[in-house]
Amino acid sequence: MIAKRIFILTGAGVSAESGLSTFRDKGGIWAQYDIEEVASIRGYERDPARVLDFYNMRRKLHGGVEPNAAHIALAQLEAEWAARGGSVTLCTQNVDNLHERGGSKAVLHMHGEIAKARCHDCGATAPYDGDLSLDLGCGACGRTGGMRPHVVWFGETPLFMDEIYAALAGADLFVSIGTSGNVYPAAGFVASARAAGIDTLEINLEPSEGARLFDHGRYGRASETVPAWVAEMVAA
Ligand code: BV8
């Protein structure tokens, strides 16, 4: 095995060919909606119904898509590395469940999951794929008006950070796939990997904001570049 412990960070680009819009590409989500209004804690506190509507719309889009060859290849790498006594840590910024539906067993959703709802009052989280509204009651505390998507908004702390930094520190290869490198702390992972002397690879449609920080880069559509990279890793 070239690298025994691989840390993989994915972003919206890995789900683009499944039909989910990315955020910052031409015509992307942030070209149509104001981040502050629909994806920040301040926006939610200002107008919760507007934010719930934005995620209800996005959740509906998520319902009609399938994992693509990139998701499936990453799941194969995870299984293959486990069989060889290695490990793959898959950390995603995406709130879709396409990695799981592509076969990945352990996915760290650092920005949460759109198919789960959380009570803003008691914090209880449960799978929920219907529309969220202000008059929905929480199954745990019974209060209404506080049900929100289990998603990390701008200004909120991402999830699993301790686990992520521990896995990153212990990796011997860091791979960033399908992310523009704009959003922190995820965008800072490559710098942490470099500081720890870890080999870094970027796989993306085009060089990202942080491309110069990577030792290696492979550019093209994820459904082609990711399976090709995984095939090489498995064959090595
Ligand atoms: C935090 C919600 C403290 C769910 C999201 C100034 C400087 C530095 C930081 C900040 C700053 N001001 C404010 C901040 C902090 C802020 C931030 O980073 N702002 C940015 C905009 C400057 N961050 C936060 O608030 C975060 N919290 O910092 O807490 C903290 C810090 C450390 C430790 C503890 C606490 C919270 C950030 C989470 C925000 N929530 N989403 C949702 O609605 O989805 S972020 C949102 O952007 C999504 O999660 C998305 O995944 C993420 C990143 O975007 P990308 O995935 O990269 O998508 P993008 O469209 O940008 O790029 C797509 C890429 O794919 C492109 O490169 C494209 O070329 C490529 N591509 C396209 N098609 C394909 C392809 N690649 C391959 N194949 C293809 N076919």
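One-based numbering, in listed order, for ligands and for the atoms of each.
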- Would you mind running through ligand 1 and noting each atom that sits below 4.0 Å from a heavy atom of Glu17? 78 (N), 79 (C), 80 (N)
- Val151 and ligand 1 - part of the residue with a heavy-atom distance under 4.0 Å: side chain
- Item | Protein non-hydrogen atom below 4.0 angstrom of atom 75 (C) of ligand 1 present | yes
- Task: Find out whether Phe54 and Asp34 are in side-chain contact, i.e. whether some heavy atom of one side chain is under 4.5 Å from a heavy atom of the other.
- Result: no
- Item | Protein heavy atom under 4.0 Å of atom 15 (C) of ligand 1 | no
- Are Gly155 and ligand 1 in contact, using a heavy-atom cut-off of under 4.0 Å? yes
- atom 73 (N) of ligand 1 has as its nearest protein heavy atom Ala16 CB, 3.6 Å
- Item | Taking every non-hydrogen atom, the tightest pair across Leu168 and Ile198 | O-CD1, 3.1 Å
- Task: Taking the side chain as every heavy atom from C-beta outward, state whether Met147 and Leu52 have any pair of such atoms under 4.5 Å apart.
- Result: no
- Message: I'd like to check atom 78 (N) of ligand 1 in this structure: does the protein have a heavy atom lying under 4.0 Å from it?
- Response: yes
- Message: Below a 4.0 angstrom heavy-atom separation, can you tell me which part of Ala39, side chain or backbone, both or neither, approaches ligand 1?
- Response: neither
- Item | Sub-4.0 Å heavy-atom contact, Tyr55 with ligand 1 | yes
- Task: Indicate yes or no: at least one non-hydrogen side-chain atom of Ser208 is less than 4.5 angstrom from one of Ser176.
- Result: no
- Message: Which residue in the set Leu9, Asp199, Ile6, Thr89 passes side-chain contact (heavy atoms from CB on, under 4.5 Å) when paired with Phe174?
- Response: Leu9
- Query: Is the shortest N/O to N/O distance between Leu205 and ligand 1 below 3.5 Å?
  - Reply: yes
- Message: With a cutoff of 4.0 Å, is Gly220 in contact with ligand 1, counting heavy atoms of the residue only?
- Response: yes
- Query: Do Phe189 and Ile164 come within less than 4.5 Å of each other through their side chains, counting heavy atoms only?
  - Reply: yes
- Query: In this structure, are over 12 heavy atoms from other groups packed under 6.0 Å from Asp129 atom CG?
  - Reply: no
- Task: Specify the protein heavy atom at minimum distance from atom 30 (C) of ligand 1: its residue, its atom name, and the distance to 0.1 Å.
- Result: Pro158 CD, 4.1 Å
- Item | Aromatic plane relationship, Tyr55 with Trp153 - under 30° parallel, 30 to 60° tilted, over 60° perpendicular | tilted
- Under 4.0 Å between heavy atoms, the region of Gln93 that gets near ligand 1 turns out to be both
- Proximal ligand 1 atoms for Arg221, defined as those under 4.0 Å from one of its heavy atoms: 78 (N)
- Would you say His109 and Val95 make side-chain contact, with heavy atoms under 4.5 Å? no
- Task: Look at atom 36 (C) of ligand 1 and say which protein heavy atom is nearest, naming residue and atom and giving the distance to 0.1 Å.
- Result: Glu156 O, 3.5 Å
- Note on the structure: The answer for which part of Val95 has a heavy atom under 4.0 Å from ligand 1 is side chain
- Message: If we set the cut-off at 4.0 Å for heavy atoms, which region of Ala222 has an atom near ligand 1: side chain, backbone, both, or neither?
- Response: both
- Task: Measure the distance from atom 70 (C) of ligand 1 to every protein heavy atom, then report the residue, atom name and distance (to 0.1 Å) of the closest one.
- Result: Asn204 OD1, 3.4 Å
- Would you confirm whether Arg50, through its side chain, and Glu37, through its main-chain N or O, come within 3.5 Å as a donor-acceptor pair? no
- Message: Between Lys4 and Trp81, is there a side-chain heavy-atom distance shorter than 4.5 Å?
- Response: no
- Item | Atoms in ligand 1 with a heavy atom of Thr179 nearer than 4.0 Å | 55 (P), 56 (O), 57 (O), 64 (C), 67 (O)
- Query: Which distance, rounded to the nearest 0.5 Å, do you find between the CG of Asn204 and the OH of Tyr219?
  - Reply: 7.0 Å
- Query: Within the structure, does at least one protein heavy atom fall under 4.0 Å of atom 11 (C) of ligand 1?
  - Reply: no
- Is ligand 1 less than 4.0 angstrom away from at least one heavy atom of Arg58? yes
- Query: Is any side-chain heavy atom of Ile35 less than 4.5 Å from a side-chain heavy atom of Phe23?
  - Reply: no
- Task: Measure the distance from atom 24 (C) of ligand 1 to every protein heavy atom, then report the residue, atom name and distance (to 0.1 Å) of the closest one.
- Result: Tyr184 O, 3.7 Å
- Message: Starting from atom 54 (O) of ligand 1, what is the nearest protein heavy atom, named by residue and atom, and what distance separates them?
- Response: Arg24 NH1, 2.9 Å
- Identify, for atom 64 (C) of ligand 1, the protein heavy atom at the shortest distance, and state residue, atom and that distance. Gly178 O, 3.6 Å
- Task: Decide, yes or no, whether a salt bridge links Lys105 with Glu78 under the criterion of side-chain N to carboxylate O below 4.0 Å.
- Result: no
- With atoms numbered from 1 as shown, which atoms in ligand 1 lie under 4.0 angstrom from a non-hydrogen atom of Gly11? 56 (O)
- Query: What is the distance from atom OH of Tyr33 to atom CE of Met57, rounded to the nearest 0.5 Å?
  - Reply: 3.5 Å
- Nearest to atom 19 (N) of ligand 1 by heavy atom, Tyr165, Tyr219, Phe154: which? Phe154
- Residue Trp153 vicinity, atoms of ligand 1 by number, heavy atom under 4.0 Å: 36 (C), 39 (C)
- Considering all protein heavy atoms, does one lie under 4.0 Å from atom 32 (C) of ligand 1? yes
- Query: Which option out of Val51, Val152, Val38 puts a heavy atom nearest to atom 39 (C) of ligand 1?
  - Reply: Val152
- Message: Salt bridge or not between Arg218 and Glu232? Use side-chain N to carboxylate O under 4.0 Å.
- Response: yes
- Distance-only, no hydrogens or angles: does the Thr225 side chain make a donor-acceptor pair with backbone N or O of Arg221 under 3.5 Å? yes
- Message: With respect to Ala12, determine whether any N or O atom, backbone or side chain, lies less than 3.5 Å from an N or O atom of ligand 1.
- Response: yes
- Would you mind reporting whether Pro227 and Gln76 have side-chain heavy atoms less than 4.5 Å apart? no
- Can you tell me the protein heavy atom closest to atom 22 (C) of ligand 1 and the distance? Asn182 O, 3.9 Å
